[in-house]
Amino acid sequence: MADLSNADIADALDELGDLYELDGAIIHRVVAYRNAAKAVREAPQAVAAMVRAGTVTSLVGVGKTLEEKLIALLDTGTIPSAEKLRAKYPPGLVAMTKLPGLGPKRARKLYDELQVDSLESLHQAAKDGKLKGVKGFGAKFEALVLEAFEAGIAERQEPRILLPRAIELANELCAELRGANVGVLSIEAAGGIRRWSESVKDIDLVASAADPAAVAAALPGLSIIDPSTASKPGEFAAKARTHNGAQVDLRVVTPDRYGNLLQHFTGSRDHNMRLREQAVRKGLHVSEYGVLDDASGETHRCASEEEVYALLDLPFVPPELRENRGELEPGWTVPELVQVQDLRGDLHCHTIASDGRNTVEEMVAGAMERGLDYIAITDHSATHGFGNHVTPDDLRRQIDRVHELNERLDGIEVLIGTETNILPDGRPDYDDELLEQLDWVMASVHTSFGMDSETMTARIVAAIEHPWIDCIGHLSGRRITKRPPYLFDIDAIVDAAARSGTMLEINASPERRDLNEVHARQARDAGVNVVINTDAHSVETAATLPVWGVATARRARLGPADIANTLPWAEFAPLRKRTTS
DNA sequence: GCCGTTTTCGGCCCGACTGTTTTCAGTCG
C-alpha cells in the first residue's frame, strides 16, 4: 500500500481534533491537533517518510505523542484514539457544528439532552419545537435552525470572491469613500486582498480619519452598496453588502492607531495568533487598538504597520507572507521575492490557431512591448475541441512560419511549441517525431478528470518522463471557486519532475494559480525548475496576467533565483530537455 | 498536546458579538 499523503495525514489529525473537541477536551489540546495538521499539510517533504525515519518531531507542533499516533496511522491505517471517539460520537455531530451559532459545546449538549446526532435529526427537533426547551437554547435559536434548513444548508455557504474581482470592488469602494468628502485620510483593502490570497470571503477595508464615525456612516450611501443590507454604523465600524452580495467590512480609526488596525485586519488569523503569542512572552499584548506593555501599563499606538513590527522586535513581514509559515520564528529574515519585472520569458500562450484571439505576430509584438526576451507559442493540440484543431500538418506549417518570423525579428526569441494534451494513458497526443521538431513542449491534462489518484498520478508521471515534454501546465486542473483539483500524489509528481528535469508551471490565470503556493514551494525545495506562465489567450491579457502568478510565487516565498524564466534566453535554453534550438 | 531567554510544569491571543442571561459562556473572525 502506498504511504498516506501529507493531506491524508493532516485530515486525520483535523478529524481527531474535532473529535476531542466534541469530547470536551481542553481547547489547547484541540488547537495542538489543528496546528499539527497545518504543519503536516504544508510540510515541504513527505511526512510519511519523516515518520518512518523518526524525524517527524522536527516539525513545529508535532511532539512525541503525535509521533506515536502517526506511526499507528501509517502501520494500521487508523489511530486507536480516533476509533474510540468515533464509536462515541456519531459523524453527524461534526456536520452540525457547521451551522452558525452551533459550536462543539452546544452541539454536544443537544446530543446529550435530545440525542440529536445529525443535521436531519436537528431539523426534526426544531420542527417539533424541542430545541427551545434545552437550557441555553431559546426560541430565536430554533427559528434560526428552521431558517437555515429552509434556505438550504448547502447554499448558506458564502460564495468566495476571486481575487481580481475583490480588488476591483475594493478599489471602487475606496475611491468612492475618498471622494465622499467625509475626511478620509488613508484607506485601503486589508485581509486576504492585501495578502494576495486566491479568493476572499469578504472585502475588508481599513481607513483613518480625525472623525472615524463620519466615515463609517458614509458606507451605506455608496453607489455600489445595497443600503438595505447595512447594519447601523458604529463609532469605528460599518458593515454592508454590495448590490451583488459581496460582504464589506469597514473599520476606521484615528491616524495615530492606523498601523495597529492595518496590521490586525491584514491577518492572517494564524499569523496574528502567533504574533500575539510571541508578544506575550515579551510582556506585550497586541490588539487592533494598540500594543499594551505590561511593564509600563502603557498602550503604544502605531501610525504605521512598520512601527508595530519594530515594537515587537520582529522584521517587517510582507503581507503576502503572513500565514504563520515560519515568518515569525526566531532568526527568520525577509527573503527576496520575485517581481513581475523579473520575468524574461512567457512559455505558454495561445493564438488564433487554437482558441486565442490574436495572431502569432500580435502576441510576439505584445511580448516585445512587455520587454520579454523570449516567448513560446503553445497552441492546443489536435484532440478535443479547443477552437480550431491544430492538426499535425497545421503544426508542421507553424514550425516553418514561426522559425521564419524568429529569423526576421531582433530582440526576442520566438519559440514554436505546443500545449499537448496528456491522454488518459499518459501519452501526448502528437507523435514523438513531431514533438522533437518543436522548440518547447508544454503538456497538460484537459480531459478525464475523474480518475482515482493512483491512475492520475501514473498518467502525469508518464508525461513527465516523456523525452520531449519540457513542462507540465496547470498541474492540478483546479478552477478556483469553480472546480476542485483532480486527485494526484504531489510527492510522486515532484519527485519525477526533479529526477527527469521536467519543469512545472505556475499558471498565472487568476482562477488557476496552479501550482498552488504550497506545491510551488515543494517543487522548488525538491530542485524542480519552476516557471511562471500566463496561458494568455490575447495580447491584452498577456500583459495583465503575470501579477497573479507572481503573487502565488511570492506567497510560496520564491525569489527571482527560484523561477527559471527570470533567466535570459541563453541561460534558460539549456534547461530544456532538448539541447539544440 | 506542545513547548521553553519564566525550560519538564504551567502556561497557551484578543476582542466583539450573541442569545440567554441577570453576569456570562460559547461562538466567531
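Lettering follows sequence order; numbering is per chain, from 1. This is a predicted model, so every value here is computed, not measured.
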Quiz item: Base, sugar-phosphate, or nothing: which does A/Leu66 touch, judged by heavy atoms less than 4.0 Å apart?
Solution: sugar-phosphate
Quiz item: When you compare B/dC13 with B/dG29, how far apart are their C1' atoms, in angstrom units rounded to a whole number?
Solution: 13 Å
Quiz item: Taking NE2 from A/His264 and C1' from B/dC14, how many angstroms apart are they, rounded to a whole number?
Solution: 7 Å
Exercise. Kindly point out which of B/dG1, B/dG29, B/dG15 is positioned nearest to the side chain of A/Glu288?
Key: B/dG15
Self-check item: Closest to side chain of A/Tyr289, choosing from B/dC13, B/dT20, B/dA16
Solution: B/dA16
Practice problem: Look at A/Arg322 together with A/Glu305 and state whether they make a salt bridge at an N to O cut-off of under 4.0 Å. | Solution: yes
Quiz item: When you match A/Phe141 and A/Leu102 each to their closest nucleotide on DNA chain B, which lands nearer the 5' end?
Solution: A/Phe141
Quiz item: To the nearest angstrom, how far is A/Ile26 atom CD1 from B/dC9 atom C1'?
Solution: 13 Å
Quiz prompt | Sugar-phosphate, base or nothing in reach of A/His285, heavy atoms under 4.0 Å | solution = sugar-phosphate
Quiz item: How far does the C1' atom of B/dG1 sit from the matching atom of B/dT5, given to the nearest Å?
Solution: 23 Å
Quiz item: With respect to the phosphate group of B/dC13, does any side-chain polar atom (N or O) of A/Ser287 fall under 4.0 Å of OP1 or OP2?
Solution: no
Quiz prompt | Nearest-nucleotide pick for A/Glu277, side chain only, options being B/dG1, B/dC12, B/dT27 | solution = B/dC12
Exercise. Taking atom P in both B/dA16 and B/dT20, compute the distance separating them and give it to the nearest angstrom.
Key: 22 Å
Self-check item: Nucleotide of B/dG26, B/dT21, B/dC14 approaching A/Lys135 most closely (side-chain heavy atoms)
Solution: B/dT21
Quiz item: NA contact type, A/Arg281, heavy-atom cut-off 4.0 Å: base, sugar-phosphate, or nothing?
Solution: base
Quiz prompt | Parallel, tilted or perpendicular: rings of A/Phe149 and A/His123 (30°, 60°) | solution = parallel
Quiz item: How long is the line joining CG of A/Asp23 and C1' of B/dG1, in whole Å?
Solution: 15 Å
Quiz item: Do A/Arg106 and B/dG26 share a donor-acceptor pair, side chain to base, under 3.5 Å?
Solution: no
Practice problem: Just call it for A/Val30: base, sugar-phosphate, or nothing, with non-hydrogen atoms closer than 4.0 Å on any strand. | Solution: nothing
Self-check item: Note: A/Arg52-A/Asp75 ion pair, threshold 4.0 Å (strictly below)
Solution: yes
Exercise. Name the nucleic acid region contacted by A/Val62, choosing base, sugar-phosphate or nothing; use a 4.0 angstrom heavy-atom cut-off, strictly under.
Key: sugar-phosphate
Practice problem: Would you indicate what A/Lys69 reaches in the nucleic acid, counting non-hydrogen atoms under 4.0 angstrom: base, sugar-phosphate, or nothing? | Solution: sugar-phosphate
Quiz item: If you look at every strand shown and take non-hydrogen atoms under 4.0 Å, does A/Arg29 touch a base, only sugar-phosphate, or nothing?
Solution: base
Quiz item: Quantified in whole Å, what is the C1' atom distance between nucleotide B/dG10 and nucleotide B/dG15?
Solution: 24 Å
Quiz item: Distance between the C1' atoms of B/dC12 and B/dC17, in whole angstroms?
Solution: 24 Å
